[in-house]
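Structure record follows, encoded as structure tokens.
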Amino acid sequence: MNAFTILFLALLLEALPFVIIGAIISALIEIFVSPTWITNRIKGVSILSYLFVGLMGFFIPVCECAIIPIVRKLLKKGLPLGLGITFMLAVPIVNPVVLASTYYAFGDSIPWMLARGISGWIAAVAIGFVIQYFSKDAIKNLDEDFTSCSCSHEHGHEHEHEHEHGQSCACAHHQEHSCSHEHSSKKSLKSILETVILHSAGEIINVGVLLTFGAFISALIQVFLPKAYMIQLSQNSIMSTAFMMLFAFVLSLCSEADAFIASSFAGQLSNASILAFLIFGPMLDIKNLFMLNATFKSKFVFRLCAAIALICFVMASLYAGFFL
Amino acid sequence: MKKINLYSLIKAIVFGLFGIAIFYIGTSGNLALILHPKMFKFTYFAGGIFLIAALYSLRGIFLISNRKVDYRIFVFLLPILLMFGKIEPLKGDALKNMSYDVLNHSNIVNRALQSKQKNIEEKNSEISQVKEEKESEPKQDKEDSGVSADARLSDKGRSSGASSDEIAIPNQHGGTMASGNISAQDDVQYLPSVEETKGKNYDIAKFLDDMLEAYAMNGDGSSKFEHQEFEIVGFVYRDDFFEKNQFMVGRMLLTCCISDAQQIGVLVQGLDSDDYKEHYSDDSWVSVKGKLYWQELYNPNTKENNRVLTLKPTFIEQIDDIEYPYVYFE
């Protein structure tokens, strides 16, 4: 019980501040970034824009917990879906903090740092591309999510509606008016602060609750499923890549710390499986999955997960085969 | 009497409790059992935001609204309750189920500490090179250039030890290791923040120093400090295949939070006749003095031989729970 308590609280308290930071950034985007600004920036979506978006982590070095509220807001503001996905997946990997910790964890290893950065970057671009290409109708689904509020799952329905649709603050009814009023009128510091607090509070409930669920389940699995057993399963070289991805999924580590765990397997498991752990973990894990569900339709989340798993698997195997 | 907006009230209470819980767990010291102290500032930030959100929700209490209560918010009550509850440090009992293979435990530490050691050596050799350049003005020193790296290393040890304590190689008498090397200085810079949260830092600095030295290796893989006496304080843990004269003594090492914790420790192996299982139960705290050496051990978990750093004990003592059970990376 103690182990569960500690793990659960650790996952939650570690991620929560960054969810809140993400929520605040997302609130600031809500106030300051207009949809036209985004569409003006992105005239044509080319492979170059994907590659560029994949490097945004150098400007916005946030981890995977903070990125989801931000992406959600950017998509709502008109960022093309594929670009948004690439952004969401690349930033937690291709960012200076994470790369530095990888470098350090593997014993001042530039090859591992590059392996993680480059393969993560390319994988994120590829996934964004695939998503953009394959989910023409998923964009429509996503639009529905934001405009007509068909947020697939029951809980969050009402909340989602008010929050996204009415540009309100996801809080009590009375505040809706003042809030949307402030959006259109002059932006005094006080009103900006108010809006930020109201939006963040809404986001904390929305994402924080799902984060709590995610932390709960991850902690439960970690307490009852012996890690040593999982590692034994992953001794087989082909299976090991898949198992290390599963392992990353269950552990739900922060991308800043996971390199230290990954490096403990160096020499025991194949390079491909370690690289898969390093690039898959930040893109998808239990707590992220719950938060993704707050943002996207479950059908889309399923497709996204499949694309991430497949492409990370292939990417890690290829990169490790050629360069490590 | 005015009607109360129930949802605003609930939000104010839950957010408020969450914020209070975060500051409670921080001040009670339990947060250090969960997170790396470097993360505390983020946690407190979250706590502050919760309190602000609570105050903000209070404003809406007397405003009538037909909005329904979002019951999901009650999910937060679970972490709030747990934060106010009793929290004990994670030790070997949890490791049994959660841990990586105990004999392979220290790969990361091994490597990280080696690189740390490498840095120290580089700095040391830079300094000693400067010294050598200064000293080698007389021609007679030329014949010294043929000596092996190892010999130069030990030579350097002497010379730098004599010159400045900042770069002193650990002194030779065991047990109480001087913490005068560079890594220890880094740790000392870092330690005050730990001190604020919990108090004594002696154990961490000492433990990290000891481990650093224990793991430092020569080019041939032998420990530079082989057969040197060490004292290590930690909890006892075992794998199922351990003999009765074997146990691990170590600590949990946190990089970010407890979910990335790894145990770092050494194998204590006494004489065949010793029975430690009786005297030193899992999770009890011990202080072990002894000599270090490397040995090849068959590891049933990985089905291969592992090089295991082993302590041949000369003195084992059971101690009370220590105040600061984990060690923190960086």
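Throughout, protein chains are lettered first and strands after them, A, B, ... in sequence-line order, and every chain is numbered starting at 1.
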Completion exercise
The reported gap from CD1 in B:Ile34 to CD in A:Glu14 (rounded to nearest 0.5 angstrom) is 11.5 Å

Practice task
Please flag which part of B:Ile87 lies under 4.5 Å from any non-hydrogen atom of chain A: side chain, backbone, both or neither.
Solution key: both

Problem - Rounded distance [0.5 Å steps], CG in B:Leu35 versus CG in A:Leu9 - result: 9.0 Å

Handout entry: Over 12 foreign heavy atoms within 6.0 Å of CZ, B:Phe74
Key = yes

Problem - Under 4.5 Å from a heavy atom of chain B, the part of A:Leu13 involved - result: both

Problem - A:Ile197, part contacting chain B, at a heavy-atom distance under 4.5 Å - result: side chain

Problem - Which portion of B:Ile49 sits near chain A, non-hydrogen atoms under 4.5 angstrom - result: side chain

Exercise for the section: Examine whether an atom of B:Phe50 lies under 4.5 Å from a heavy atom of chain A, and if so say whether it belongs to the side chain, the backbone or both; otherwise answer neither. Expected result: side chain

Exercise for the section: Give a yes or no on whether B:Lys86 atom NZ has more than 12 heavy-atom contacts from other residues, nucleotides or ligands under 6.0 Å away. Expected result: no

Practice task
Output the distance between atom CD1 (A:Ile21) and atom CZ (B:Phe42), rounded to the nearest 0.5 Å.
Solution key: 6.0 Å

Handout entry: Closest non-hydrogen atom pair, B:Arg72 against A:Val209
Key = O-CG2, 3.4 Å

Practice task
Locate the shortest heavy-atom distance separating A:Asn2 from B:Pro89; write the atom from each residue and the value.
Solution key: ND2-O, 4.0 Å

Practice task
Enter the distance from A:Leu193:CG to B:Tyr56:OH here, rounded to the nearest 0.5 Å.
Solution key: 8.5 Å

Handout entry: The single option from A:Ile205, A:Leu210, A:Leu211, A:Thr212 passing side chain to side chain contact (heavy atoms under 4.5 Å, CB included) against B:Val75
Key = A:Thr212

Exercise for the section: State which residues pass side chain to side chain donor-acceptor pair (under 3.5 Å) with A:Asp258; sequence neighbours excluded, sorted by chain then number. Expected result: A:Arg116

Practice task
Could you tell me which non-hydrogen atom of A:Ile6 sits nearest to which non-hydrogen atom of B:Glu88, and how far apart they are?
Solution key: CD1-O, 2.9 Å

Practice task
Sort B:Phe15 into side chain, backbone, both or neither according to what part of it lies under 4.5 angstrom from a heavy atom of chain A.
Solution key: side chain

Handout entry: Which atoms of A:Ile204 approach chain B - backbone, side chain, both or neither, heavy atom under 4.5 Å
Key = both

Problem - Atom CZ of B:Phe76: over 12 foreign heavy atoms under 6.0 Å - result: yes

Completion exercise
Between the CG atom in B:Leu78 and the CZ atom in A:Phe8, the distance rounded to the nearest 0.5 Å is 4.5 Å

